[in-house]
Amino acid sequence: MYKRTLAIALAALTALPAAADPDPTDWPAVKAEAQGETVYWNAWGGSEAVNGLIDWIATQAAAKGVMLEHVKLSDTSEAVSRVLAEKSAGKTTGGGIDLIWLNGANFAAMKEQGLLFGPWAEALPNRALTDPQNPALSADFTVPTEGMESPWGLAQLVFFHDSARLPEPPRSMQALLDWAEQNPGRFTFPQPPDFLGPTFLKQALIELGSDPEALQRPVSEADYDAVTAPLWAYLDALTPLLWRQGRAYPQNAARMVQLMADNEIDIGFDFNPNAAANAIAAGQLPPTVRSHIHDGGTLGNASFVAIPFNANAKAGAMVVADILLSPEAQARMADPAVWGLGTVLDLERLSPAQREPFKAASVGPETLSSQQLGTPLPEPHSSWTVALERDWTARYGTTR
């Protein structure tokens, strides 16, 4: 009798319909459902400035009844692999990841494999404070976001140098090679797949190539060998001139800064225009460090957050994403004393009081102004990142 009763109870539970996903267009209901939820945000944890901002976001979320836990990643692909493993195991609800700092090839892979919840991003209340005509906010490495990602910061590739040692840095890839020939061992870049490694490869490909439009299409639609030939010829010449003759590479941006501080290299770079100022403020680099870009411009893109298809706290994740778009959070993020990342908001859509913190934040001589940065170059289609990483590793990787 007991077994029969248990079987009936289990059958009844199994027959219950799965809880419906929150409706992003019903924001009062989203806020109500978010109360008491814990959001596990998987985000890169390699920067104290970034970690500090996320800690502050957590305090703002707590005030709205949402607990935010920062799961620090060294590589976003770790989170992508976990969501894929959960889907393969049939775990369609109650997933272990609620929000991911995502962009580029990782977004394209998750979107293609049906690993994302959405559309939801355009329904966030604070999304109305962005410019709907800004293409950087609706496409990620040329792949349409279609409401499955919410932007929260604008970044651009910036180089930096110690002006006391290098008064006039090279301002193009060709000039960098010429300089490296005269100064062997004084430049390097992070080893792919750290995102700065492929960024350097893409910047070089854009500058050296003759068909920039090909990079805006999937790599399968281009003559890959012809398009990339100038890049490999360039790297064949540059690699022996790198730090440790290209037999070893720094793991990430932090290690590159350390090499500069130890006077082993003369030029670093980052995707945060305020990276030099952050390193100076942290005592990692001397105050004589200055930023520069290449004469033809440098790559830029937006940072996004996405919600996995099986997230346990979808409503709470949307509340956190909306906080990231708030004028208070955006002004704090854009403050060079905090992080210095570019805002995704259209300042003309803000009230005078909301605009004031953005005006109050000043940059020092080590940071380029928005006018000096100019219009960023568009990212290639995400498939180019994958192909370049693969082929660089085969040709030059330290494990080849």
Side-chain angles (χ1 to χ4, degrees), residues 21-22 24 30-31 33-87 91 93-104 106-107 109-111 115-118 120-121 123-127 140 145 147-155 195 271-272 301-326 328-330 332-334 338-339 341 343-344:
D21 284 333
V30 170
K31 291 195 298 181
E33 184 174 338
Q35 294 301 300
E37 288 189 335
T38 297
V39 173
Y40 291 93
W41 183 7
N42 282 232
W44 181 58
S47 163
E48 289 306 312
V50 175
N51 295 343
L53 177 68
I54 293 177
D55 288 344
W56 182 85
I57 296 294
T59 66
Q60 306 305 299
K64 295 180 180 293
V66 177
M67 298 299 104
L68 178 62
E69 295 287 341
H70 179 191
V71 181
K72 298 182 175 70
L73 302 176
S74 58
D75 192 317
T76 306
S77 62
E78 301 167 22
V80 179
S81 297
R82 178 171 179 179
V83 177
L84 180 59
E86 289 179 346
K87 183 177 182 180
K91 192 176 182 64
T93 61
I97 299 175
D98 300 299
L99 196 65
I100 307 178
W101 178 2
L102 195 66
N103 66 355
N106 287 311
F107 167 69
M110 293 193 76
K111 184 183 179 187
L115 300 180
L116 297 174
F117 167 65
W120 58 273
L124 299 180
N126 284 324
R127 184 62 181 260
D140 191 348
T145 59
M148 295 182 183
E149 283 187 310
S150 178
W152 67 295
L154 294 177
F195 73 97
F271 230 107
N272 177 7
N301 63 40
S303 288
F304 294 88
V305 287
I307 302 173
F309 80 104
N310 64 345
N312 187 58
K314 293 185 176 77
M318 284 189 278
V319 168
V320 171
D322 193 56
I323 292 171
L324 289 170
L325 284 174
S326 68
E328 297 80 10
Q330 287 287 302
R332 188 175 185 87
M333 178 195 68
V338 177
W339 186 5
L341 206 62
T343 181
V344 298

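These numbers come from the heavy atoms of this one structure, side chains and all, not from hydrogens, waters or symmetry mates. Because the structure is a prediction, the values reported are computed rather than measured.
- Between G153 and V344, the shortest heavy-atom contact is N-CG1, 3.3 Å.
- Here the closest heavy-atom approach between residue I100 and residue I97 is recorded as CG1-CG2, 3.5 Å.
- Closest approach of E37 and G316 over heavy atoms only: OE1-N, 2.7 Å.
- At distances below 3.5 Å, not a single donor-acceptor pair connects side-chain atoms of E69 with backbone N or O atoms of T38.
- Across every non-hydrogen atom of L73 and A79, the tightest pair is CD1-CB, 3.9 Å.
- Side-chain atoms of K314 come within 3.5 Å of backbone atoms of F309 as a donor-acceptor pair (strictly under, hydrogens ignored).
- A donor-acceptor contact shorter than 3.5 Å links the side chain of H70 to the backbone of A43.
- For the atom pair CD1 (I323) and CH2 (W152), the distance works out to 13.0 Å, reported to the nearest 0.5 Å.
- No donor-acceptor pair under 3.5 Å is formed between the side chain of N103 and the backbone N or O of S303.
- The shortest distance between side-chain heavy atoms of F107 and L116 falls below 4.5 Å.
- Side chain of Q35 to backbone of K64: a donor-acceptor contact under 3.5 angstrom is found.
- Rounding to the nearest 0.5 Å places CD1 of I57 at 6.5 Å from OG of S326.
- Checked by atom type and distance alone, the side chain of N51 pairs as donor or acceptor with a backbone atom of G45 at under 3.5 Å.
- With sequence neighbours excluded, the residues forming a side chain to side chain contact (heavy atoms under 4.5 Å, CB included) with W44 are S47, V50, W101, listed by chain and number.
- Considering CE of M148 and CZ of F117, their distance stands at 9.5 Å, rounded to 0.5 Å.
- Among residues two or more places apart in sequence or in another chain, the side chain to side chain donor-acceptor pair (under 3.5 Å) test is passed with N106 by none.
- One N or O on the side chain of D98 and one on the backbone of N312 form a donor-acceptor pair closer than 3.5 Å.
- A heavy-atom distance below 4.5 Å is found between the side chains of L102 and V80.
- Considering E328, M333, R332 as possible partners of Q330, the one that fulfils the side chain to side chain contact (heavy atoms under 4.5 Å, CB included) test is M333.
- For the pair L154 and L341, the minimum side-chain heavy-atom distance is 4.5 Å or more.
- Taking 4.0 Å as the cut-off between side-chain N and carboxylate O, E86 and R82 count as a salt-bridged pair.
- The local environment of NZ in K111 is crowded, with over 12 non-hydrogen atoms from other residues, nucleotides or ligands closer than 6.0 Å.
- In this structure, E149 contributes its side chain and A121 its backbone to no donor-acceptor pair below 3.5 Å.
- Closest heavy-atom contact between E78 and S74: OE2-OG, 2.6 Å.
- Residues forming a salt bridge (charged side-chain N to carboxylate O under 4.0 Å, His left out) with K87 (at least two apart in sequence, or on another chain): none.
- In terms of modelled atom types and a separation under 3.5 Å, the side chain of N310 and the main chain of G94 share no donor-acceptor contact.
- Distance check: L115 CG to S81 OG gives 10.0 Å after rounding to the nearest 0.5 Å.
- Contact check for L325 versus S150: side-chain heavy atoms found under the 4.5 Å cut-off.
- Contact detail for L324 and A329: the closest heavy-atom pair is O-CB, 4.0 Å.
- Put simply, the side chain of D140 gets close to the backbone of G104: a donor and an acceptor are under 3.5 Å apart.
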